[in-house]
Student: 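Right, I'll just put the structure down here and ask away after.
So that the names make sense, note that chain A is the first sequence line, chain B the second, and so on, each numbered from 1.
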There are 2 protein chains.
Amino acid sequence: MSRHASKATLKTLAQELELSITTVSRALKDGPEVRPETIARVKQAAARLGYAPDRSAVNLRTGRTGTIAVLFFVPHAYDDVGDGSITAIIEGVCRRLEGLDYTPVVQLLTLEVDGLERVRRIVEGKLADGIILSGTTPQDERVRWMLERRFPFVTFGRTELFTPHPWYDVDNELAAHQATAHALSEGRRRVALINPPETLTFARQRLAGYRRALAEAGIAYDPALVVHGGLGAGESREATRALCAGEDPPSAIVCATGVVAIGACAGLRDRGLEPGRDVLVVSRDGTRMASYLEPPLPTCFASLSDTGWHLADFLMRALDGAPVEDLQMLVETTLVPGDRR
Amino acid sequence: MSRHASKATLKTLAQELELSITTVSRALKDGPEVRPETIARVKQAAARLGYAPDRSAVNLRTGRTGTIAVLFFVPHAYDDVGDGSITAIIEGVCRRLEGLDYTPVVQLLTLEVDGLERVRRIVEGKLADGIILSGTTPQDERVRWMLERRFPFVTFGRTELFTPHPWYDVDNELAAHQATAHALSEGRRRVALINPPETLTFARQRLAGYRRALAEAGIAYDPALVVHGGLGAGESREATRALCAGEDPPSAIVCATGVVAIGACAGLRDRGLEPGRDVLVVSRDGTRMASYLEPPLPTCFASLSDTGWHLADFLMRALDGAPVEDLQMLVETTLVPGDRR
DNA sequence: GAGAAAAATCGTAACGTTACGATTTTGCGG
DNA sequence: CCGCAAAATCGTAACGTTACGATTTTTCTC
C-alpha cells in the first residue's frame with residue numbers, strides 16, 4: 001500500500017534506492033550502461049512509488065512534448081446539429097498514434113477564432129511537437145508561418161503556396177463533379193450548390209467540379225444557384241428556403257457536408273418539397289450519416305476516420321524526416337447511391 | 001522586419017535591453033516594482049523580437065499549465081454517424097474560458113480506452129490544471145483517484161461516492177420519465193428503452209425514470225423491452241431490429257441520445273415500420289438534431305452547449321477554491337414536441 | 001547636502017529532467 | 001595480486017522561468 005503522499009521524482013527514487021539521479025533516469029529508459037539487475041530494482045521502486053515523469057521538465061530539457069495538436073476547423077456556429085466529423089477524425093488519429101506515446105489534443109477553430117494566433121501559441125509556447133491543421137485557404141497564413149519556422153505539420157486540405165508541405169486531401173473537385181453529374185444523370189437540370197465560405201481552398205475546388213460537370217452536360221452556369229456560407233444545419237436550411245423561394249426552385253442540391261444536407265432537407269420540407277422526389281439532395285460526407293436519413297441520400301463518401309489516420313501518419317513520418325513528396329495524398333470519393341440498403 | 005531567427009527568451013530580451021532577466025520577467029507581467037517607462041520598453045522589445053514564454057518552463061517553475069483537459073466519453077464505436085455532442089460541449093467550454101488564458105484540450109475516451117490511465121497521465125505528468133470528465137459510473141475509480149490526489153476536476157454526471165465533488169448533470173431520471181410518460185400519453189403502451197451500458201450512472205438513472213413512469217401508468221415492467229449497450233447508430237439500429245423481430249413490436253422507443261434515435265428510426269424502417277406513426281421514437285438530445293429529421297422526433301432537450309459552459313464554470317470556480325456545495329447542479333430537460341415547426 | 005525612505009533593479013536558487021564527461025567498480029589475463 | 005580494459009555509476013551543467021532576498025538608484029525631508 002503506497003502512500004502516494006506527494007509526487008515522486010527522480011530525486012525521490014534516487015534517495016530511496018541510494019543511487020544517483022542519473023542512473024535512475026537511465027535505468028528507466030533501459031539505458032545499456034546500467035546493470036540489468038539495477039534496472040529491475042529501479043523500475044520496481046518506480047512502480048511502487050507511483051513515479052511518473054514530469055512532462056514539463058522533460059519538455060524543457062528535450063524540447064519534446066509528446067503532444068500532437070489537432071486544430072479542427074468548424075465552419076459554422078455550433079447551433080443546431082453538432083458536427084460529428086471531429087469524432088471520426090480523432091478516432092483515426094488515435095488509431096495511428098496507438099502505442100506511440102504521442103497524445104493528440106484537439107482544439108476547435110471557428111470563423112471567429114484567429115487561427116494564426118492559436119498556431120503561434122502552440123509553436124512558440126512549445127505546446128506540441130506537431131500540428132494537424134484543417135480548413136486551409138489557398139494562401140494560408142498559418143501554413144506560411146509554420147513553414148517559415150520549419151515547424152512540423154500536416155494539413156487537411158491543400159494550399160496554393162509555392163513551398164510544398166505535407167497534406168492529405170479529399171478530391172473535392174471530383175466529389176462535386178460526381179455529385180453534380182449524378183444529379184444530372186437523374187434528369188435534374190437545375191442543380192444548386194451549397195458551398196463553404198469562398199475563402200477555403202475546399203470551396204473553390206468544389207465550385208470547379210460543379211462547373212465542370214455542368215459544362216460537360218452543356219448547361220449554363222447560373223450564379224444564382226450557388227450559395228457560399230456557413231456550413232451549419234440552420235444556415236443550410238435558410239439557404240435552401242431562399243433557393244426555393246422563387247417560382248423556379250432547383251431540382252437538385254449538392255451539399256458540402258452531411259450537416260448541410262440535413263439542413264437542406266429540412267429547408268425543402270419547410271417549402272413543402274419532398275427531398276429525393278421533388279428535389280434531389282446529394283450529400284458529401286465522411287461518415288455514414290446520410291444512409292440513416294429518410295430517404296437515404298446519395299453521398300460522395302470518403303472516410304474521415306481514414307483521413308485522421310493518414311493525417312497522423314504523415315505527421316509522424318514528417319517528424320521522422322521523410323521527404324515532403326511522400327507526404328501528400330489525394331483521396332477520391334465514391335458515390336454511394338441513396339437506395340435503401 | 002524582425003528576423004525571428006530562433007526563439008527569443010527572457011535572456012535574449014535582457015541582453016538586448018541591458019536589463020536583468022528578473023526585471024524583464026516582471027515587466028512583462030506589469031509588476032508594480034518596475035518603472036512604467038521600462039515596462040513599455042520591455043514590452044516593445046518583446047513584441048519586436050516575437051517573444052513568447054516557454055510554457056514548459058513556466059509550468060515547471062509554477063506548476064501551472066494553463067490547460068484544461070476535457071475527457072469526453074464516446075460510448076460507441078465511431079462507426080456510422082459521428083457524434084456531434086462533443087462540438088457542442090466544447091463550444092460551451094470555450095465560451096466560458098474566453099479571455100481567461102486557459103486552453104481546453106480534448107481527448108476522447110471510449111469503452112476500450114482505460115480512462116484511469118489517461119487521468120493518471122494527465123495528473124502525474126502535470127499536463128493540465130484541471131479535468132472535465134464525462135461518462136461517470138457510480139463508483140467511478142477515476143473520480144476516486146482524483147479525489148485522493150486532491151486534483152481539481154468536475155464531472156458531467158454524478159457518482160455515488162461518499163466524498164462530494166463538483167458535478168453538473170442532466171436529470172436523466174426526469175428525462176426518461178418525461179419521454180416514457182409522453183409515449184404513454186399518446187396511447188403507446190408497449191414502450192421500449194434503448195439505454196447506455198449499465199455501468200454508467202446515466203443508464204441507471206434513465207432506467208429508474210422509465211420504470212417510474214410505467215409504474216405510475218400501472219403498466220408492468222418488461223425486461224425484454226429494455227436494451228443496454230453501445231450508443232452508436234449501428235448498434236441502436238440492430239437493437240431496434242431485434243426489438244421488432246417478434247410478432248409484438250413495441251409501440252414506442254425511448255432513446256438515450258440523438259444518434260441512438262437516428263439508428264432506431266433506421267431500424268424501424270428496416271422492418272417496414274414508420275417512425276412516428278407505427279412506432280413513436282422519443283429522443284434525448286443536447287442539440288437540435290431531432291428537429292431536422294423527418295418526421296421531427298419528440299425530444300427531451302437540455303443544451304450541451306450550456307452544459308459545457310457550466311462544466312468549465314465549475315472547474316474555474318473549483319480552482320479558485322469555491323466550496324464544493326456550490327459546484328453541483330442538476331438541470332432539467334424540457335420535452336420538445338416533434339411537431340413540424 | 002546628509003541621511004533615510006522609497007523605488008527600481010539585480011543575483012541566486014530552484015522546479016525535474018537529460019546529456020556528457022569524469023569517476024568508481026568489476027572482471028580478467030598474466 | 002597487479003594492471004588494465006570494460007562495465008557501471010556518478011556529478012555537473014543546462015533547458016527558461018519565477019520567487020525572494022539583496023543591492024543599487026532615486027526621491028524626499030530637514
Student: Nearest whole angstrom, please: distance from the C1' of C:dT17 to the CZ of A:Arg55.
Tutor: 12 Å
Student: Using every non-hydrogen atom in the two residues, find where B:Leu10 and B:Leu28 come nearest and quote the distance to one decimal.
Tutor: CD2-CD1, 3.8 Å
Student: Is it the case that B:Arg95 and B:Ser305 place a side-chain donor and acceptor less than 3.5 Å from each other?
Tutor: yes
Student: Which of the following nucleotides, C:dA8, C:dT9, D:dT9, is nearest to the side chain of A:Val34?
Tutor: D:dT9
Student: C:dT23 C1' sits how many Å from A:Glu33 CD, rounded?
Tutor: 14 Å
Student: Could you tell me whether B:Arg64 sits above the aromatic face of B:Tyr102, with NZ or CZ closer than 6.0 angstrom to the six-membered ring centre and within 45 degrees of the axis?
Tutor: yes
Student: Nearest whole angstrom, please: distance from the C1' of C:dC15 to the CZ of B:Arg64.
Tutor: 16 Å
Student: So which nucleotide from C:dT17, D:dT17, D:dC15 ends up closest to the side chain of A:Leu60?
Tutor: D:dC15
Student: What residues, two or more places apart in sequence or in another chain, satisfy ring-ring contact (aromatic ring centres under 6.0 Å, His included) together with A:Phe153?
Tutor: A:His165
Student: Please report the distance, rounded to the nearest Å, between CG in B:Leu10 and C1' in C:dT12.
Tutor: 16 Å
Student: Could you tell me how far apart A:Asn59 (CG) and D:dC15 (C1') are, to the nearest whole angstrom?
Tutor: 10 Å
Student: Distance check, rounded to the nearest 0.5 Å: B:His310 atom NE2 versus B:Ile132 atom CD1?
Tutor: 12.5 Å
Student: Whether A:Arg55 and B:Glu124 form a salt bridge (side-chain N of Lys/Arg under 4.0 Å from carboxylate O of Asp/Glu) is what I want to check.
Tutor: no
Student: Check the distance between C:dA8's P and B:Arg41's CZ and give it to me in whole angstrom.
Tutor: 14 Å
Student: Does anything in residues 12-23 of chain A come within less than 4.0 Å of DNA chain C? Heavy atoms only, and list the residues if so.
Tutor: A:Ile21, A:Thr22
Student: Can you name the residues that form a side-chain contact (heavy atoms from CB on, under 4.5 Å) with B:Asp30, not counting sequence neighbours?
Tutor: B:Ile39, B:Lys43
Student: Would you indicate which nucleotide in D:dC20, D:dG16, D:dC10 comes nearest to any side-chain atom of A:Arg26?
Tutor: D:dC10
Student: Heavy atoms under 4.0 Å, any strand shown: does A:Thr38 hit a base, just sugar-phosphate, or nothing?
Tutor: sugar-phosphate
Student: Rounded to whole Å, please give me the gap between CG in B:Asp30 and P in C:dA8.
Tutor: 14 Å
Student: Taking any heavy-atom pair under 4.0 Å as a contact, classify B:Lys29: base, sugar-phosphate, or nothing.
Tutor: sugar-phosphate
Student: Judged by each residue's nearest nucleotide on DNA chain D, which is more toward the 5′ side, A:Thr62 or A:Val24?
Tutor: A:Val24
Student: Side chain of B:Thr9: nearest nucleotide among D:dT17, D:dT9, C:dT17?
Tutor: D:dT17
Student: Figure out the CD/C1' separation between A:Glu37 and D:dA7, and round it to whole Å.
Tutor: 13 Å
Student: Is the phosphate of C:dT9 approached by B:Arg35 (side-chain N or O, under 4.0 Å from OP1 or OP2)?
Tutor: yes
